[in-house]
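Heads up: the structure comes next, in structure tokens.
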Amino acid sequence: MDKLLISGGRSLEGSLRASGAKNSALPILASSILLKDKMTIRNIPHLNDITTMIELLSSMGAEMTVDENMDLEINSSNLENPLARYELVKTMRASILVLGPLLSRYHEAEVALPGGCAIGSRPVNLHIDCMRQLGAEIDIVDGYIKAKAKDGLKGGNINFSNVTVTGTENAIMAGVLAKGTTTISNAAKEPEVVDLVACLRKMGAKIFGEGTDRIEINGVNALEPCDYSVMADRIEIGTYLTAVTMTKGNVSIKCSLPSVLETILDKLKIAGANIQIDEEGINLEMDKIPNPVNISTAPFPLFPTDMQAQFIALNSISKGKSKVIENVFENRFMHVQELIRMGGNIRLEGNTAYIEGNTKGLIAAPVMATDLRASASLVLAGLVAKGQTKVDRIYHIDRGYERIEEKLNLLGANIERVSE
Ligand code: EPZ
């Protein structure tokens with residue numbers, strides 16, 4: 001099992017190019033099911049979750065070729081097996097994203113119920129309710145969602161009781177080939193939902209209102225092939241900007257989407273970072289111990305839950321007290337115990353973490369990754385800790401960060417990947 005050995009205490013300096021967004025590439029890959037032809041998807045990140053989605057689509061009969069840039073040509077015209085097996089779904093919950101497209105195109109689907117994960121029970125009831133709303137008959141048998149819509153899906157009014165990102169994406173993909181109009185109320189406004197809609201619109205889908213809490217879809221008979229490039233990964237960018245802030249360095253990150261990073265950049269400015277935006281992307285400089293930053297996570301456009309762990313790491317070395325409230329997932333503080341082992345002064349009360357910054361900094365220790373963003377926060381802590389931090393179970397990191405040690409070493413970090 002791979003581990004990362006991180007020798008802390010070095011400032012990060014230089015420039016980085018962001019990878020494609022995992023949480024945009026996954027629904028866009030699933031949307032290929034809707035096409036009776038091939039499509040090209042570009043700027044896909046090299047991540048384990050992407051590999052799992054590619055394996056899943058292949059297992060259903062999709063044919064694909066990947067070139068050296070990880071640009072993918074995928075042809076689902078011969079896809080004939082609308083079954084998402086548990087062996088694949090259990091490794092990546094986002095496999096649930098094939099439910100909507102399979103029902104929309106094949107009028108049937110058999111998708112293993114994704115289990116929970118470290119950050120929560122992660123139910124999919126909202127996905128199932130929404131498909132029923134569009135005319136599907138759904139039974140849960142032997143841990144599988146067995147769905148049928150013998151006359152195809154019919155447009156309907158979906159009102160999500162709480163905001164769900166992949167639920168919204170599933171609903172959109174179900175609606176694009178449904179008969180009639182589908183409206184989605186309380187829709188997720190995440191940029192990755194907007195990116196999926198941009199791709200579907202390029203395929204000829206009739207969708208309105210993306211990025212707002214009400215989306216309308218007029219079903220069409222068929223979609224057309226398209227060539228689409230996935231947006232940059234705002235959480236990857238936010239993670240590296242936080243790393244540079246913590247190590248008092250400076251970085252330029254080439255990306256064209258500062259607007260979707262607004263809440264993250266605002267919080268880094270409160271921490272004391274000097275941030276400039278230009279046509280190339282984002283430049284950040286930091287030359288002092290960070291100020292404490294209070295965080296309360298919520299759906300977009302508010303502060304993203306996927307950046308919560310990274311900011312607890314930053315607050316652990318800040319010069320004061322801070323409070324971090326996790327409002328989206330019920331168990332997303334698995335990193336806290338590990339940060340405490342590194343000298344973090346953190347107290348948990350329900351969904352709130354109270355942090356007292358330790359300006360003497362953190363101390364290296366062997367720590368264990370538990371989920372994707374928790375792992376990232378341990379890497380950030382290792383970058384500033386005195387000594388060599390060993391992060392175990394880093395397969396969690398490889399699910400969401402492309403070559404993390406290479407990118408950070410390019411900025412002057414000293415990280416070694418070892419297999420033990
Ligand atoms: C997406 O997960 C992201 N994953 C997550 O990123 C992200 O943390 C999350 O949205 C919130 O922004 C992908 O896009 C592949 P939700 P998703 O449905 O869609 C509850 C990462 O680190 N809920 O918006 O699964 C749910 O339990 C990952 O890249 C139901 O109760 O999240 C949670 O409390 C982690 N029933 C809340 O809603 C449902 O049917 C929000 O979940 C669905 C969700």
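Keep in mind that the numbers below use all heavy atoms, side chains included, and drop hydrogens, waters and symmetry copies. Just follow the structure's listing: the first ligand is 1, and inside any ligand the first atom is 1.
- Distances between N or O atoms of T305 and those of ligand 1 include no value under 3.5 Å.
- Counting heavy atoms closer than 4.0 Å to ligand 1, residue E192 contributes nothing at all.
- In terms of protein heavy atoms, atom 36 (N) of ligand 1 is closest to N125 OD1, 2.7 Å.
- For the side-chain hydrogen bond (donor to acceptor under 3.5 Å, both in side chains) test, residues two or more places apart in sequence or in another chain that qualify with N218 are T181.
- Considering backbone and side-chain N/O atoms, R373 comes within less than 3.5 Å of an N/O atom of ligand 1.
- Distance from atom 25 (O) of ligand 1 to its nearest protein heavy atom, with residue and atom name: R122 NH2, 3.1 Å.
- Residue contacts with ligand 1 for Q308 are absent, since no atom lies close enough (heavy atoms, distance under 4.0 Å).
- Heavy-atom separations between P123 and ligand 1 include at least one value shorter than 4.0 Å.
- Note: no N/O pair closer than 3.5 Å links E190 and ligand 1 by distance alone.
- For the pair R201 (side chain) and I207 (backbone), a donor-acceptor distance under 3.5 Å is present.
- Listed by atom number, the atoms of ligand 1 under 4.0 Å from R93 heavy atoms are 25 (O).
- Scanning the protein heavy atoms around atom 15 (C) of ligand 1, the nearest turns out to be N23 OD1, 3.4 Å.
- Using a 4.0 Å cutoff on heavy atoms, V163 counts as a contact of ligand 1.
- Residue L372 has no nitrogen or oxygen atom sitting less than 3.5 Å from a nitrogen or oxygen atom of ligand 1, judged on distance alone.
- Shortest contact from atom 20 (C) of ligand 1 to any protein heavy atom: N162 ND2, 3.8 Å.
- With hydrogens and angles ignored, the 3.5 Å screen pairs a side-chain donor or acceptor of E236 with a backbone N or O of S19.
- Annotation: L126 places an N or O atom under 3.5 Å from an N or O atom of ligand 1; distance criterion only.
- No side-chain heavy atom of D233 sits less than 4.5 Å from a side-chain heavy atom of Y240.
- With salt bridges taken as basic N to acidic carboxylate O contacts below 4.0 Å, none links E224 and K202.
- Using a distance-only test at 3.5 Å, with no hydrogens or angles considered, no donor-acceptor pair links the side chain of K90 to the main chain of R85.
- Shortest contact from atom 32 (O) of ligand 1 to any protein heavy atom: F329 CZ, 3.9 Å.
- R332 counts as a contact of ligand 1, since one of its heavy atoms falls under 4.0 Å from the ligand.
- Among the atoms of V165, some N or O lies under 3.5 angstrom from an N or O of ligand 1.
- With a 4.0 Å cut-off on non-hydrogen atoms, H127 touches ligand 1 through its backbone as well as its side chain.
- Residues R417 and I394 meet the side-chain proximity criterion, which asks for heavy atoms closer than 4.5 Å.
- We find that R332 and D306 are joined by a salt bridge, their nearest charged nitrogen and carboxylate oxygen being less than 4.0 Å apart.
- Counting only distance, with no hydrogens or angles, the side chain of N170 and the backbone of I96 share a donor-acceptor pair below 3.5 Å.
- Among protein heavy atoms, the minimum distance from atom 18 (O) of ligand 1 is reached at T164 OG1, 2.7 Å.
- A salt bridge does not link K38 to D227: none of the charged nitrogens lies less than 4.0 Å from a carboxylate oxygen.
- Under the 3.5 Å distance criterion, the side-chain polar atoms of E402 are matched with a main-chain donor or acceptor of H46.
- The shortest N or O to N or O distance between V328 and ligand 1 is below 3.5 Å.
- You'll find the side chain of Q310 reaches within 4.5 Å of the side chain of I235, heavy atoms only.
- In this structure, atom 8 (O) of ligand 1 lies nearest to the protein heavy atom D306 OD1, 2.6 Å.
- Within ligand 1, the atoms closer than 4.0 Å to a non-hydrogen atom of V124 are 39 (C), 40 (O), numbered from 1 in the order shown.
- Within the structure, the salt bridge (Lys or Arg N to Asp or Glu O under 4.0 Å) test picks out the following pairs touching residues 102-115 (sequence neighbours left out): E108-K148, E110-K146.
- Under the 4.5 Å side-chain criterion, counting only non-hydrogen atoms from C-beta, P114 is not in contact with S95.
- At least one N or O atom of T166 sits closer than 3.5 Å to an N or O atom of ligand 1.
- Per-residue contacts place K22 under 4.0 angstrom from the following atoms of ligand 1 (heavy atoms of the residue considered): 21 (C), 29 (O).
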